[in-house]
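Below: the structure, in structure tokens.
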Amino acid sequence: MQSVLITGGAGFIGQNLVHAWRAAQPADRLTIVDAMTYAANVRSLEPLIADRSIEFVKGDIGDAALMQRLFDEHKFSRVAHLAAESHVDRSISDPEAFLQTNVLGTFTLLKTALDFWRAAAMLDTARFLHVSTDEVYGSLGPADPAFTESSPYRPNSPYAASKASSDHLVRAFVATYGMPALITNCSNNYGPYQHPEKLIPLMIIHALEGKPLPVYGDGSNVRDWLHVSDHCDALMNVIERGRTGETYNVGGGNERNNRDVVGLICDTIDAAFASDTRLAARFPTCPAAAAGSCRTLITYVTDRPGHDHRYAIDATKLATELGSRCKVDFERGLKQTVQWYLDHETWWRDVTSGAYKAWIDKNYGFRRAV
Ligand code: NAD
Ligand code: TDX
């Protein structure tokens, strides 16, 4: 039995990880800390909060006093650190929050964990997993080999630079203080509970509403798509079985350019409307409601500044050392994801309207601090 802290547990990957961890290790005590930014949503966790199988704390990882009180109270032996500002476009228009949370917040959390584990003589048994991104490695050309764990760091966006900084802090804590930390660098996740600012949910929701599908530049940029369930399996494996001080790349083995991904989303929605005639009444402005194609909505728009051309992950180390391999085929995962958004219209309407955040700030009786 472990006492586990999951930071950012109300975010996209965090929510999926909380459910996966609960299912895999039901005896563990899970505490979630999340600042409940615009990106957070705790609805899927409410049943777990209600039956006390997790504890939820609304709070900022940069709040040193709160972090210390949480460690003193719960004596965490595992930390899965996911809390972050995560959207590249927001980091371009407003980078400051990225430095606050991703760099300074990570530093505060690392220092609190180190001080607590030292004092409690837990440095040999505790583990801190820092969840990071392939964007720290920069951009690949079409024929370049995929990123390995020893690829040089070449971040291009303020987001990537802030994650690179936090990776370096983790590495320095390992080398200097003997911090029992591990780092994962993964590719683009997709699946349930992803905020509609990210490519796949944005395109699904815009297509359903008959809005333009804004593809940046010429749509030739390539991402490697990793289903969030495969990512969560890898994270749980790395935190228990990985070697401290090591980095593990996590990839989906699904390189696609954005044009193809958006086209596939359109085709998947068209097919869903063709097989379920009730969808036309729910989404009358979707072209598929009148037997048209969502592809007619595709619109090429001004490119993202500093847009990385291609990410690709070599996940050999994870597979050979820890036996983690991705299971979800991209076409199948995308179809399930489209279906999830069709089945969870209230969830994404709340998120897109901002009503959820207003409601949670006003009404929800979470503990604000311990
Ligand atoms: P997300 O934006 O959906 O969720 C982030 C969560 O962190 C939110 O719930 C937010 O409220 C919380 N948070 C933000 N600032 C905080 C603070 N100061 N204190 C406490 N909580 C705070 O992000 P995600 O997509 O779930 O990503 C999770 C992690 O995985 C991030 O560290 C991100 O960099 C990394 N990552 C994500 C992807 C991806 O494709 N989504 C890929 C690679 C790495
Ligand atoms: O409207 C859009 N149109 C478009 O063409 C959006 C939102 C994105 N794009 C393009 C930009 C990227 O090439 O789609 C690709 C994916 O974009 P995002 O979903 O914004 O993801 P990305 O910038 O690749 O970063 C994601 O993966 C790495 C996550 O947001 C990061 O948190 C993670 O670290």
Side-chain angles (χ1 to χ4, degrees), residues 9-24 39 41-45 47-48 82 86 186-209 213 222-237 250-280 282-283 286-289 293-295 297-298 313 315 324-352:
F12 158 49
I13 301 171
Q15 289 175 71
N16 281 282
L17 182 63
V18 170
H19 288 293
W21 200 303
R22 188 74 290 154
N41 190 308
V42 86
R43 285 237 164 103
S44 82
L45 304 181
L48 302 181
L82 291 91
S86 70
C186 73
S187 54
N188 285 59
N189 283 222
Y190 70 104
Y193 305 112
Q194 188 166 30
H195 193 281
E197 69 190 356
K198 305 289 182 353
L199 179 77
I200 288 181
L202 182 142
M203 295 297 169
I204 295 171
I205 289 166
H206 277 214
L208 292 176
E209 296 192 317
L213 308 181
V222 173
R223 297 293 181 265
D224 168 48
W225 293 98
L226 168 66
H227 195 272
V228 66
S229 62
D230 280 332
H231 184 204
C232 291
D233 286 349
L235 294 180
M236 292 188 293
N237 201 2
V250 189
N254 287 301
E255 275 189 64
R256 307 286 163 123
N257 71 42
N258 294 335
R259 256 191 329 261
D260 290 349
V261 170
V262 176
L264 194 55
I265 291 169
C266 291
D267 296 348
T268 308
I269 293 176
D270 292 348
F273 274 67
S275 65
D276 181 353
T277 49
R278 290 166 303 177
L279 290 176
R282 282 176 57 201
F283 303 104
C286 176
S293 168
C294 292
R295 281 181 181 260
L297 298 170
I298 294 174
I313 284 275
S324 267
R325 282 183 186 78
C326 289
K327 299 184 207 69
V328 182
D329 161 78
F330 184 62
E331 274 75 11
R332 181 164 61 85
L334 193 65
K335 200 171 165 193
Q336 285 168 354
T337 303
V338 167
Q339 192 58 49
W340 190 88
Y341 282 87
L342 284 170
D343 294 342
H344 293 78
E345 187 182 349
T346 313
W347 183 89
W348 55 260
R349 287 213 185 277
D350 275 352
V351 177
T352 48

Backbone N/O of [Y] and side chain of [X]: donor-acceptor pair under 3.5 Å:
| X | Y | value |
| --- | --- | --- |
| N254 | L226 | no |
| N189 | S187 | yes |
| H231 | C326 | no |
| Q15 | A10 | yes |
| D230 | V328 | yes |
| E209 | F283 | no |
| R223 | V261 | no |
| D224 | G252 | yes |

Would you name the heavy atoms of [X] and [Y] that are closest together and state the gap between them?
| X | Y | answer |
| --- | --- | --- |
| Y190 | T337 | CD1-OG1, 3.6 Å |
| A234 | S324 | CA-OG, 3.8 Å |
| L213 | C294 | CD1-O, 3.9 Å |
| A315 | G251 | CB-N, 4.0 Å |
| A288 | F273 | CB-CG, 3.6 Å |

Original post:
Is it the case that S86 and K198 place a side-chain donor and acceptor less than 3.5 Å from each other?
Top reply: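 The criterion, which ignores hydrogens and geometry beyond distance, is satisfied for K198 and S86.
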**OP:** Taking the side chain as every heavy atom from C-beta outward, state whether Y193 and W348 have any atom pair closer than 4.5 Å.
**Re:**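 When only atoms from C-beta onward are counted, W348 and Y193 do not touch, as no gap falls below 4.5 Å.
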Original post:
Is there side-chain contact between V228 and P192, with heavy atoms separated by less than 4.5 Å?
Top reply: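 Contact flag for V228/P192 side chains = yes.
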**OP:** With rounding to the nearest 0.5 Å, note down the distance linking CZ in R259 to CG in L264.
**Re:**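 Reported value, rounded in 0.5 Å steps: 14.0 Å.
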